[in-house]
Amino acid sequence: MVAHNDAGSPPRVVLLTSPGIFGAEIINRLAADEKVDLVGVGLTNRIYKGKGTLAGIHTFRRRTGWMYFFFGALHSNVSWTWLRMTGRPAGLKRVAGNVRLLNDVNSPNSIDWLRGLNADYLASFFFNQWIGPQARRVAASGAFNLHPSLLPALRGPDPIFRAIERGLTTSGYTIHRIDDEMDGGQICYQTTSEIPQGLSAFALYLKAIHEGSDLLASWLGGALPRESQIPSHSDGGDYTTFPTPEEVGRFVQSGHRLIQLSEWRRALSAVR
């Protein structure tokens, strides 16, 4: 497909992400990067498909336990509420009101809105919904996701927790085409990244969000190779879902931390 942007101008990008401190940092970094033109932001507005907010909260809490639930609520809903009350993130001003909460990215209304943004790329980072074929076709050059691991390793919703849980010292980032399989699709770019020891899950997430956002902008803007020679993986890799209460308990008992209030407050105050 042919891109919409004029020759020499940065590609028009629609970002799909999650409301919270991580999503705010992704929005700000893409909005400030001159290699891309951020023209819209779609925010996921649900926990589980087919469940209301209260039912979704109850299901998530039962699946992961109170500690992980608190961690998730703090970096997402609590952070986003405070950020919006204080006029942040600043990057939303760049998209001139083209921001939408999406309960279903694949609904006809969502598809029409995305298509109307006339984007070159649909980019997903820290977005929890499956993106179907129609949504993937709204952008001229396709739909791509950044996953904070070296796929197919650590597929699933929380590769950061799993990396710390397994004692990894290196991981990385993967940019891949979005297809019908979660964290599947042709790998377009990969790079490794060190995992400093002793970081909380929150601190390592912030590191991944910052590095991953800059990497995504560079790739979308053409500063990195567009297509990789990395072969597709037929074994499906290593998929794990959200941690159970037992896994979170072992994580903490091993000396790992999910989050500290002091680091959360510092990070929240640093968001532009």
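Positions are given from 1, in the same order as the sequence printed here.
- For Thr17 (side chain) and Phe127 (main-chain N/O), no donor-acceptor pair under 3.5 Å exists by modelled atom type.
- Interatomic distance, Ser110 OG to Ile131 CD1, rounded to the nearest 0.5 Å: 11.0 Å.
- Salt bridge annotation for Arg29-Asp214: present, with a cationic side-chain nitrogen under 4.0 angstrom from a carboxylate oxygen.
- Taking the charged nitrogens against the carboxylate oxygens, Lys207 and Glu211 do have a contact shorter than 4.0 Å, which makes a salt bridge.
- Asn103 contributes atom CG, which lies 8.0 Å from atom OG1 of Thr44 (distance to the nearest 0.5 angstrom).
- Checking side-chain atoms of His147 against main-chain N and O of Leu154 turns up a donor-acceptor pair under 3.5 Å.
- Under a 3.5 Å cut-off, the side chain of Glu194 and the backbone N or O of Thr170 do not form any donor-acceptor pair.
- Side chain of Thr86 to backbone of Leu83: a donor-acceptor contact under 3.5 angstrom is found.
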(request) Please assess Met67 against Val252 for the test side-chain contact (heavy atoms from CB on, under 4.5 Å), listing each intermediate value before the final yes or no. (result) CA-CA 10 Å; Met67 282 191 292; Val252 173; 4.1 Å; yes
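- The backbone N or O of Pro225 lies less than 3.5 Å from a partner atom in the side chain of Trp219, making a donor-acceptor pair.
- Between Arg94 and Asp33 no salt bridge is recorded (no basic side-chain N to carboxylate O distance below 4.0 Å).
- Shown are Leu122, Val14, Val41; of these, the side-chain contact (heavy atoms from CB on, under 4.5 Å) with Leu117 is made only by Val14.
- At distances below 3.5 Å, not a single donor-acceptor pair connects side-chain atoms of Arg257 with backbone N or O atoms of Ala201.
- Salt-bridge annotation for Arg162 and Glu165: present, with a side-chain N of the basic residue lying under 4.0 Å from a carboxylate O of the acidic one.
- Between the side chain of Asp120 and the backbone N or O of Val13, no donor-acceptor pair lies under 3.5 Å.
- Using a 4.0 Å cut-off between charged side-chain N and carboxylate O, Arg272 and Glu25 make no salt bridge.
- Linking ILVMFWY side-chain heavy atoms closer than 4.5 Å, directly or via other members, places Leu92 and Leu216 in a single hydrophobic cluster.
- The backbone N or O of Leu268 sits less than 3.5 Å from a side-chain atom of Arg88, completing a donor-acceptor pair.
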